[in-house]
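No experiment lies behind these values; they were computed from the predicted model shown. Numbering of ligands and ligand atoms starts at 1, following listing order.
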Amino acid sequence: MKFLTQFLSLALLTGCVVMTSCSSNKETAEQKPGIEKTVYGQLPNGQTADLYKLHNAAGMTAQITNYGGIIVGLTAPDRNGKFEDVTLGMDSLAGYVKGTPYFGALVGRYGNRIAKGKFTLDGKTYTLAVNNMVNHLHGGLVGFDKVLWNATPVEGDEPALKLTYTSKDGEEGYPGNLSVEVTYTLQKDNALRIDYLATTDKPTVVNLTNHTYFNLTGGAKRDVLDHVLTLNSGNLVPVDNTLIPTGKLMPVAGTPFDFTQPTPIGKRINDSTDTQIKYGLGYDHAWVLDGTGDSLKLAATVFEPTSGRVMEVRTTEPAVQFYTGNFLDGTVTGREGFPYKKRYALCLETEHYPDSPNQPNFPSTVLRPGQTYKSSTVYQFSTRKE
Ligand code: BGC
């Protein structure tokens, strides 16, 4: 009897009902960081793709499939603590297989463009697929965004998903067997970290990135023109009308490309007097990041005033391609059949400069046997009042 009385008072104190899971315990269980695997679907070749849901103690989730290493969903809280998805994405694997403009995907071997799909390395010329006007874009016809990666979930306070893929010598025209390892980690501090590693058995070129389309309103409620952007960059990589770098750098001061101070994205995006804006149909350019060294440095800060969401992007890369979804035209219908229209998202693709294999003055993207390609980027979410 004494034990029963003690048990009941303990249960009352903690708000629990006898022998069933009490609500406070349930909440604790739901907040426990972890990673769950489910079958995502079958690819046309019969292979099975899986979906991994990572969640941290704060309640943030990242859903990632091993098909293309695609971030299928990513939630972040608004200033009232409401978690909503901050990316564009599809409802099913079939949607991704049918084709998207690289929503959430891992991009490789070469993120961005290589002029005319050709480059020369150690005296040998390599020919790649031409899949973007006259140029090669994002690794070719079947880039890293369209292959099935091996996945290993890593449990812990900061759950992670390790993805590996071996790109064969000659794949999409690139030389060397390239072993790639990409790890997504959902950190305690509401940040998604991406670490890239690669090694090769022949000299080759590598430039890996992730192509997530962000819209911080949550649920892509409207375009991103009111998002306020700051870029840690005083120089742009100007391009020609096929979006290939001219080879020179352009100071951003006094141009629509100056985001050194927080500026709404829409403020100058339609400045038709600017040749670079005309070529990109808005922003679709690489900014050279200020500061040097291999450590993570702040590249960009994005603030969405209505939700209060802030995203900070840190990277070890020398540049960031800022793309404002200029080619979205509503023909791709995403989650819940929602048509993704022009400028409904922004990408901040951390990478080396476009067309570096053909530009001797740009930082090199060559990887040789015995060397290890290393790159890291962190997308961190927080909120601000105003
Ligand atoms: C490119 C855009 C392209 C988009 C989707 C971006 O990285 O810079 O020009 O339309 O990717 O492929």
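Judged by distance alone, the side chains of Gln321 and Asp284 do bring a donor and an acceptor atom under 3.5 Å apart. Gln380 and Asp189 share a side-chain donor-acceptor pair at under 3.5 Å. In this model, a donor atom of one side chain and an acceptor atom of the other lie less than 3.5 Å apart for Arg335 and Thr87. Glu158 and Thr185 share no side-chain donor-acceptor pair at under 3.5 Å.
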Atom pairs and distances, ligand 1 N/O vs protein N/O under 3.5 Å:
residue  : atom   : partner : partner atom : Å
ligand 1 : 7 (O)  : His138  : NE2          : 3.0
ligand 1 : 7 (O)  : His211  : NE2          : 3.1
ligand 1 : 7 (O)  : Glu349  : OE1          : 2.7
ligand 1 : 7 (O)  : Glu349  : OE2          : 3.0
ligand 1 : 8 (O)  : Arg113  : NH1          : 3.4
ligand 1 : 8 (O)  : Asp284  : OD1          : 2.5
ligand 1 : 8 (O)  : Gln321  : NE2          : 3.1
ligand 1 : 9 (O)  : Arg113  : NH1          : 3.4
ligand 1 : 9 (O)  : Arg113  : NH2          : 2.6
ligand 1 : 9 (O)  : Asp284  : OD1          : 3.4
ligand 1 : 9 (O)  : Asp284  : OD2          : 2.5
ligand 1 : 11 (O) : His138  : NE2          : 3.0
ligand 1 : 11 (O) : His211  : NE2          : 2.8

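A distance below 6.0 Å separates the ring centres of Tyr379 and Phe214.
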Checklist line | Test side chain to side chain contact (heavy atoms under 4.5 Å, CB included) applied to Thr38 and Glu36, step by step | finding: CA-CA 7 Å; Thr38 50; Glu36 282 120 40; 5.7 Å; no
